[in-house]
There are 2 protein chains.
Amino acid sequence: MDEITATTVVRRFNRAYTQRIGALEDSFLGVGLPLGTARLLFEIGAEPATVQALRARLGLDSGYLSRLLRRLEDDGLVALEPDADDRRRRRVDLTGAGRGRWAELEERAGARARQLLEPLSERHRERLVAALAEADLLVRAATVTFEPVDPGSPPAREAVDRYFADIARRFDFDPAGEPEKDAVLLAPPRGVFLVAVSDGEPVAGGGVRTIDDGVGEVKRMWVHEAWRGAGLGSRLLRLLEDAARALGHHTARLDTNETLTEAIALYERFGYRPIARYGDNPFATHFFEKPLTAPA
Amino acid sequence: MDEITATTVVRRFNRAYTQRIGALEDSFLGVGLPLGTARLLFEIGAEPATVQALRARLGLDSGYLSRLLRRLEDDGLVALEPDADDRRRRRVDLTGAGRGRWAELEERAGARARQLLEPLSERHRERLVAALAEADLLVRAATVTFEPVDPGSPPAREAVDRYFADIARRFDFDPAGEPEKDAVLLAPPRGVFLVAVSDGEPVAGGGVRTIDDGVGEVKRMWVHEAWRGAGLGSRLLRLLEDAARALGHHTARLDTNETLTEAIALYERFGYRPIARYGDNPFATHFFEKPLTAPA
DNA sequence: CCAGTTGTCTGACTAAAGTCAGCTACTTCT
DNA sequence: AGAAGTAGCTGACTTTAGTCAGACAACTGG
């Protein structure tokens, strides 16, 4: 695809959309709260959080946020209380009145969305919704980044747990003890674990461990169901190969189960070739290897 | 489609997109201009204009805009000069320095778009661009409104001219004298002409005239090539039928040429039935009629 | 040619948004 | 226990964005 055309389409869309719907944010006006305050209330309603979490989510200055919260508290819309675990922290939640105000904001935002769809016929509405859902998935996927993390850390553990849960649905599998071993094997200096997190939730992850001098093994590659089809698997595998190279490996291996057909297709697309069984993974039925030359 | 789900998708997309790209607008920052000022400079660069045109395009207060322009002028980025036609008006254009600054903004906006596409594979990039193009078309179509205008007015004339140009491409057609007749026949109180305008350009239009007591004729239905497939034709025909009812008609007629197959399909979908030739339009080959009962 | 209208500008405001340094209470590390 | 760091708050600002009521010059219709 022509690079110029592609960015032109993105920019054209941005202009049209923000002009028409971007005013969407202004729909928060008219409930007697300035926009920033309304957005904050909205965010708290979506999920009560600590002050610092809100600061991160909204990208606000600490002093500024403090004042906004104070104002919401004075208006009786939110309640702040010290966090039991760390009494420096404060947890913010909506009061009854705040919940009412939040529902109002919800309703307005919903009305905005309905207003956009309303002039369209059923058929065109379906097309728009499908296009937005597709764009949503791809935009999210494009803006997520993979970060190396300690395989014992909560996001990594969650990714691995979900990986096990997913494959247990495909074939008879018992992860007994595996997560604990992973936490060691996939950690530096002999391993790596990468996770992509979106809205605080891991959406894809996987690791590399060293099985022999110069030979790395790709393990636990997983992509959240709702995020499949957006190319995260390919990006992850490419990054894991880079990581293996950085660990000094000249060869990447991996094993998998015959039921995981999409995974096998991905490995084949990436140039992995079937090899004889290695290691002692009782759940693996297929084994692959690929020489790690300079990155493509 | 489930109404709730549809609005949910729109809202979900809005959140994700504005959070990730909406910061897009902030990309105008970092060139030493506040956002509003940068947007103004951008708009002037896109097309030099009078102060009032900018006011309309950006929806700014006259005093406020005046000051913003002053600031840009002081910075040597724009030049203002009285309009030759009406010396109350002032025309604004970029200076050389302004053009440089504008190019910077362009580059930043383009970089933003590229940055969104960059992490995606060719295949996913194509999918995202296609989805955004589709959403763009439908969002524009959904937010455009049809307004009754004098058929002699510039937007109506342009719509009719483009209609003639389009059909002349389909079959041998000579519009001699027609636009002048239209300006009378499609005007109140015996006719109506509707146009939808987007970014100052007509994108769809059409009219109704009275051919007999209680009988109206739909004429000059046209949709801009770039806007086809978004349901504007259906919306327009529905509105024209409403207008015919408002003129007191119980029957709608129309003629068309056999080469205009999409139009014929539209009429049939709307319940028009073929009838014998009426009138003396030498270019028409097919004739249709529909009883106008209460609106669906 | 004059009354009314239009296009732009100025003055005098206000509210919202955001920044920065320093402070206090609490936790963590050694 | 003490030092060092963290979470949040307060005070004192600045900038941006925007409103509104005139003022004034230039145009337009009768």
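Quick note on labels: first sequence line is chain A, next is B, and so on, each numbered from 1.
- Residue B:Arg70 places no side-chain N or O under 4.0 Å from the OP1 or OP2 atom of C:dT8.
- In terms of phosphate contacts, A:Arg89 brings no side-chain nitrogen or oxygen within less than 4.0 Å of OP1 or OP2 of D:dG8.
- Environment of CZ in B:Arg12: sparse, with no more than 12 heavy atoms of neighbouring residues, nucleotides or ligands closer than 6.0 Å.
- The ring of B:Phe146 has its center no closer than 6.0 angstrom to the ring center of B:Phe193.
- Rounded to an integer number of Å, the gap from CG of B:Asp85 to P of C:dG7 is 13 Å.
- Note on B:Arg67: a base of the nucleic acid sits closer than 4.0 angstrom, heavy atoms only.
- Each of A:Ala84 and B:Val51 has a nearest nucleotide on DNA chain C; the 5'-most of these lies closest to B:Val51.
- Within the nucleic acid shown, A:Gly63 comes within 4.0 Å of at least one base atom, counting heavy atoms only.
- With C:dT6, D:dG8, D:dT19 as the choices, the nucleotide that has an atom nearest any side-chain atom of A:Ser62 turns out to be D:dG8.
- A donor-acceptor contact under 3.5 angstrom links the side-chain atoms of B:Arg88 to the base of C:dT6.
- With rounding to whole Å, B:Gln52 atom CD is found 13 Å from D:dA26 atom C1'.
- Each of A:Asp83 and A:Gly59 lies near DNA chain C, and the nucleotide nearest A:Gly59 is the one positioned closer to the 5' end.
- When the P atom of D:dG5 is taken as reference, atom CG of A:Asp86 falls 17 Å away, rounded to whole Å.
- What separates CG of B:Leu40 from P of C:dT8 is a distance of 13 Å, to the nearest Å.
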(request) Please lay out, stage by stage, how A:Glu81 and A:Arg90 fare under the test salt bridge (Lys or Arg N to Asp or Glu O under 4.0 Å). (result) CA-CA 5 Å; A:Glu81 57 176 33; A:Arg90 303 233 278 158; over 6 Å; no
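- Between A:Arg91 atom CZ and D:dG8 atom P the separation is 10 Å, expressed in whole Å.
- The distance between atom CG of B:Leu60 and atom C1' of C:dG7, rounded to the nearest whole Å, is 16 Å.
- Atom CG of A:Leu137 sits about 12.0 Å away from atom CZ of B:Phe13, to the nearest 0.5 Å.
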